[in-house]
Number of protein chains: 2
Amino acid sequence: MRKIAESTVRRLSLYLRFLEEFQSQGIATISSEALATRGGTTSAQVRKDLSFFGSFGKRGLGYSVPELVGKLRDILGLKRTYQVVVVGAGKIGSALAQYPGFGQRGFHVAAVYDADPKKVGADWNGLVVQDVQHLEQDLARAPVDIAILATPAAAAAQVSDRLVQAGIRAILNFAPVQLEVPAHVVVKNVNMAMELEALSYALRNR
Amino acid sequence: MRKIAESTVRRLSLYLRFLEEFQSQGIATISSEALATRGGTTSAQVRKDLSFFGSFGKRGLGYSVPELVGKLRDILGLKRTYQVVVVGAGKIGSALAQYPGFGQRGFHVAAVYDADPKKVGADWNGLVVQDVQHLEQDLARAPVDIAILATPAAAAAQVSDRLVQAGIRAILNFAPVQLEVPAHVVVKNVNMAMELEALSYALRNR
DNA sequence: GGATGTGAATGTCTTCACAGCT
DNA sequence: AGCTGTGAAGACATTCACATCC
């Protein structure tokens, strides 16, 4: 399959969100123009993004909303559920583990881990914080697709290595460090401070 | 000033992080090559990124670490502190308001707001949750640079309007909705579910 | 008629490669 | 000799504009 730009994937994600909105409003058909307006882009961009994956519309008519929802979920790999573990039961780990948006989109948080004995055993709406020592044996027993890394910076590299060793193939990294992983592992970084710095830059130059 | 790509700004942020690391290790001078390796990019990219803002290096030698740290902090607008408010005292709002990384980088969380009377008055390490009704009068009294929006999706649009009305010029939006704001307001969106979807896409296609 | 799908044109970002300084 | 700074080339992404089909 041809390589698709990350920006395109982000937009597809967005389109899907809007389409689900339209769908819940009972709208059956939508034009690239209408989708574009909703998402702050252009109709040509919408059509181009979709064209990488096929021809889903009807000329003169637009796109069938339910059909396009299905295609996008398929393209994005969202027709299955993913098992997710959160490592790091601090404030951010706690917020992420209990974030309802994940479950709604098929990402099931199977477990949360922490190294601090004072946190281990805590019950978060039925999700019990596990000792990170059991990470490997748990992952061996019940495979997991994605790890969310929310440890302090100092622990991140080591935990990342252990996750990789245990066979994880995707990491969403909230720790402010650059992880080194083998090529077959996908990492996406989310760095709150960096987002604020981008705003700082934008504020400065106006 | 010429328009700079968002990707460039992100990298500058990263370089700054690495340079501070090098600085704390007492490294006085660094080459574009070394910085690039640390950040997973190329030396030409580093030099080009910096060249948009001036010539900070010495040929044959590299860059003075402390000097470049200063320049980058200047470029990114980080030589001042920013007043930040968090709106939404749920799990994510709580995590963000107490995130130590913000303070370390000059972003001072001045207040947290929520609409839920059960949350108002809660004390988070000396930060007391305020009633969102007081938002406008507080902002009028003590101006704030950046708002972090961490409300449920349903409330986000309305809160955003009130923030804009009250003179906010930058919003970091964690609610999964597309905000509509006037051109003079900068918005950056962080959408956890979308990050996972990008991982899902990456996992699917391999 | 109306909206898609898509080559071609344009615009933007990255990489190359080397002249120019230290 | 070594490494920066930067035009020029190349790769990539977006926008245009129109033939095509429903």
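Quick note: numbers below take in every heavy atom, side chains included, and nothing from hydrogens, waters or symmetry partners. Because the structure is a prediction, the values reported are computed rather than measured.
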Flag side-chain contact, heavy atom, 4.5 Å: Phe53(B) against Ile4(B):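 Yes, side chains in contact.
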Minimum side-chain heavy-atom gap Asp138(B)-Val85(B) below 4.5 Å: no
N or O in side chain of Gln45(A) less than 4.0 angstrom from dA13(D) OP1/OP2: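 Looking at the OP1 and OP2 atoms of dA13(D), neither is under 4.0 Å from any side-chain N or O of Gln45(A).
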Thr42(B) side-chain N/O to dT15(C) phosphate OP1/OP2 under 4.0 Å: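 Affirmative; the distance criterion is met.
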Would you kindly give the [atom1]-to-[atom2] distance between [X] and [N], to the nearest whole Å?
{"X": "Lys71(A)", "N": "dG5(C)", "atom1": "NZ", "atom2": "C1'", "value": "16 Å"}
{"X": "Leu68(A)", "N": "dG5(C)", "atom1": "CG", "atom2": "C1'", "value": "14 Å"}
{"X": "Glu6(A)", "N": "dA11(D)", "atom1": "CD", "atom2": "P", "value": "22 Å"}
{"X": "Asp49(A)", "N": "dT4(C)", "atom1": "CG", "atom2": "C1'", "value": "14 Å"}

Pair listing, side-chain hydrogen bond (donor to acceptor under 3.5 Å, both in side chains) test, anchored in residues 170-183 of chain A, at least two apart: Asn173(A)-Asn189(A)
Aromatic plane relationship, Tyr82(A) with Phe107(A) - under 30° parallel, 30 to 60° tilted, over 60° perpendicular: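 Rings of Phe107(A) and Tyr82(A): parallel, as their planes differ by under 30°.
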Electrostatic pair Glu33(A):Arg38(A) at N-O distance under 4.0 angstrom: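 Here Glu33(A) does not pair with Arg38(A) in a salt bridge, since their nearest N and O are not under 4.0 Å apart.
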Output one line per pair: protein atom, nucleotide atom from nucleotides 4-8 of chain D, and distance, for all N/O pairs under 3.5 Å.
residue	atom	partner	partner atom	Å
dT4(D)	OP1	Ser32(B)	N	2.6
dT4(D)	OP2	Ser32(B)	OG	2.7
dT4(D)	O2	Arg59(B)	NH1	3.2
dG5(D)	OP1	Phe56(B)	N	3.0
dG5(D)	OP1	Gly57(B)	N	2.8
dG5(D)	OP2	Tyr63(B)	OH	2.7
dG5(D)	O4'	Arg59(B)	NH2	3.0
dG5(D)	N7	Arg47(B)	NE	2.7
dG5(D)	O6	Arg47(B)	NH2	2.9
dG7(D)	N7	Lys48(B)	NZ	3.4
dG7(D)	O6	Lys48(B)	NZ	3.4

Distance-only polar pair, side chains of Gln165(A) and Asp161(A), donor-acceptor under 3.5 Å: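 Side chains of Gln165(A) and Asp161(A): no pair found under 3.5 Å.
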